Structures are given as C-alpha cells and as structure tokens.
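Below is one structure, written out as structure tokens; comments come after it.
To find a chain, count down the sequence lines: A is the first, B the second, and so on, and within it residues start at 1. Small disclaimer: the values here were computed from a predicted structure and weren't measured.
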Amino acid sequence: MSINYRRLLKEDLDKPCQDLALYLLGKVLVRKLDHNTILKGRIVETECYLGGEDKASHSFNGRRTEANEPMYMPIGTCYVYMTYGMYYCFNISSKEPGAAVLLRALEPLEGMEVMEKFRVQKTKSNNTKSLKIAKLCDGPSKLCIAFDIKKENVNKINLTDLKNDSLWLEDDPFYDDFKVIHSARIGINRAEEWNTKPLRFYILNNESVSKRNKTAERQFEENQFD
DNA sequence: ACGTCGATTAGCT
DNA sequence: GCTAATCGACGTG
C-alpha cells in the first residue's frame, strides 16, 4: 500500500491552462471505488484546450452549451465527454473560463489488477495476451476505462470538483526529477495552424505516454547543450 | 514500426 | 445528417 500524500486543493490548481497542464505532470489521480478499492495513477501526459481562438476546443469562439459547461466552471471542475460514440475523455477546468486540461495518460501506481479487469472487459475479442502494466492507462480513453469512468458513472463525476469522495488529486513531493517534452496535440483534425502549437506536455522516457514525438524530443536534447 | 479501417452514440464541437 | 480531443484489429514491411 502506497503512502497517502496531501490532497490537492483548488488553490493548488489556480493557474492558467498551460501552467496547470505542466503542474499536473507527476501528480497522482486517485479513484475510490465500491468496497474501498483504491486506484492510483501518476499523470504523465496532458493537453491544453484553450477556448477562444482554439478551434479544437469545444469552447471555440466562446461557444457555450450545456455539454461544455464544466469548461466555464470554477478551477478543478471535472469535464467528462464522450468521443467517437464509444469512449470517454477526462478534463479538469483551469483558471480561464472556457479552458481545460485533458488528462491523456497515467502511469499505474496502485490497483493495477482492477484496472486490468476493466480494460479486458472492454475489449471485445477474447485475445489472451495480457496488458503490460505500463500500458493500462496510456491514452485519454484508456485511462477512463481503467478508472471506471463510464456511462453509468459520468454523471457522478462530470461537473464535480475534485474534492468529491470518489476522485481526487494528490501531490507527490518526492517525484520531481523528470524532464518535460512540449509537443503538438494528438488527433486534432481541424484547427489548422493550432495543430502545430506545443499544447501537449509529457514526461520524457515514461513508458505510459500514449505517443512520443521524436522530433520534439530531439529538439529538447539539442537545447540541453545551451 | 506504421498505416488504414470499422465500431458506435450524443450533440451539433 | 454529420461529426468526433479514440481504440484495437489487421495488414504490410
């Protein structure tokens, strides 16, 4: 059983979107299920959705609907939405109205047997190859599946702040020695020039990152010599 | 390692 | 009616 660190409070998250996305790297997402089952995963990859000019954001051009309302709510509000008809993504609202941070990948820390159970249930064909632990939450919808964020639970999580009793964030003061890669976002099919902006952040050499950007990593290494 | 494709549903992104 | 901030399966090299 791992140590319980300090829970993050609203004041810890009181930052503009890009600062929040960087701050969240290395922090721990904690989920409490029935029977007191605890799941923990370290946040290793985040993305910013800024609203305003950002065409990839659900809140582009100030668009405000019932669905994207959490993006306009106070810092630390959970925004869960369905994508491609069958998957969910989990976001945390940041300081600016209409902006949020998408959690894209976690490094599993606790409750991996349970995460694997949820992941295996979700895959239809009965392939017997077991999932590597590092790959249990290596994508925005995979982490939702592994953390049991699904249709029946979305209403218990969406719109809530992270002070609720089934989902919260913890600090990990001893995990501070890591390098961060800035890269373009993943899976954006519009937003043209915004596709190239470095709005995705991930921990270098972490096996649970969903997709490496080798060009960005090369540029990072070159800048190390400055 | 990398590209392509089909699945599936709510909101209008 | 159409789209989507994805995933896993399958094919190719």
Quick one: label A/Asn68 by what it contacts on the DNA or RNA (base, sugar-phosphate, nothing), any heavy atom closer than 4.0 Å. nothing
Counting side-chain heavy atoms from C-beta on, which of C/dA4, B/dA10, C/dG8 comes nearest to A/Thr83? C/dA4
A/Met82, nearest nucleotide to its side chain (from B/dT8, B/dC12, B/dT9): B/dT9
Between P on B/dA10 and CG on A/Asn158, what's the gap in Å once rounded to a whole number? 14 Å
Atom NZ of A/Lys132 with >12 non-hydrogen neighbours under 6.0 angstrom: no
Would you call A/Lys27-A/Asp12 a salt bridge at under 4.0 Å N-O? no
Would you mind reading off the distance between A/Leu143 atom CG and C/dC7 atom C1', rounded to a whole angstrom? 13 Å
Take the protein atom CD of A/Glu45 and the nucleotide atom P of C/dT6, then report the distance between them rounded to whole Å. 10 Å
Base, sugar-phosphate, or nothing: which does A/Ile188 touch, judged by heavy atoms less than 4.0 Å apart? sugar-phosphate
Distance-minimising heavy-atom pair for A/Pro70 and A/Leu159: CG-CD2, 3.7 Å
Could you state the atom-to-atom distance from OH of A/Tyr202 to P of C/dA5 in whole Å? 21 Å
State whether the aromatic ring of A/Tyr84 stacks on the base of C/dT6, taking stacking to mean ring centres under 5.5 Å apart and ring planes under 30° to each other. yes
Under-4.0 Å side-chain N/O to phosphate OP1/OP2 contact, A/Arg119 with C/dG8: yes
Phosphate oxygens OP1/OP2 of C/dT6: is one of them under 4.0 Å from a side-chain N or O of A/Arg104? yes
Value in whole Å for how far the P atom of B/dC12 lies from CG of A/Asn61: 15 Å
State whether the distance check finds a donor on one side and an acceptor on the other, under 3.5 Å, for side chain A/Tyr81 versus base C/dA5. yes
From B/dA7, C/dC7, B/dT13, pick the nucleotide closest to the side chain of A/Met86? B/dA7
Quick check on side-chain contact (heavy atoms from CB on, under 4.5 Å): which of A/Gln224, A/Gln219, A/Arg218 does A/Glu221 satisfy it with? A/Gln224
At under 4.0 Å, does any side-chain N or O of A/Thr65 touch on OP1 or OP2 of B/dC12? yes
Determine: side-chain N/O of A/Lys151 to OP1/OP2 of B/dA10, distance under 4.0 Å, yes or no. yes
Just to be sure I understand the rule, does A/Arg185 reach a base, reach only the sugar-phosphate, or reach nothing, if contact means heavy atoms closer than 4.0 Å? nothing
Between A/Glu96 and A/Cys17 (side chain of the first, backbone of the second, donor and acceptor by atom type, cut-off under 3.5 Å), is there such a pair? yes
Rounded to whole angstroms, how far apart are NZ on A/Lys211 and P on C/dA5? 16 Å
For A/Asn189 and C/dC7, give me the distance from atom CG to atom P, rounded to whole Å. 14 Å
Regarding A/Ser59, tell me which of base, sugar-phosphate or nothing describes its non-hydrogen contacts under 4.0 Å with the strands shown. nothing
Under a 3.5 Å cut-off for both contacts, is C/dT6 paired Watson-Crick or G-U wobble with anything, and if yes, with which nucleotide? B/dA7
A/Leu25 atom CG: more than 12 heavy-atom contacts under 6.0 Å: yes
Just checking A/Phe60: base, sugar-phosphate only, or nothing, at a heavy-atom cut-off of under 4.0 Å? nothing
What integer number of Å spans the C1' atoms of C/dG8 and B/dA10? 22 Å
Euclidean distance, atom NZ of residue A/Lys55 to atom P of C/dT3 [Å, nearest integer]: 16 Å
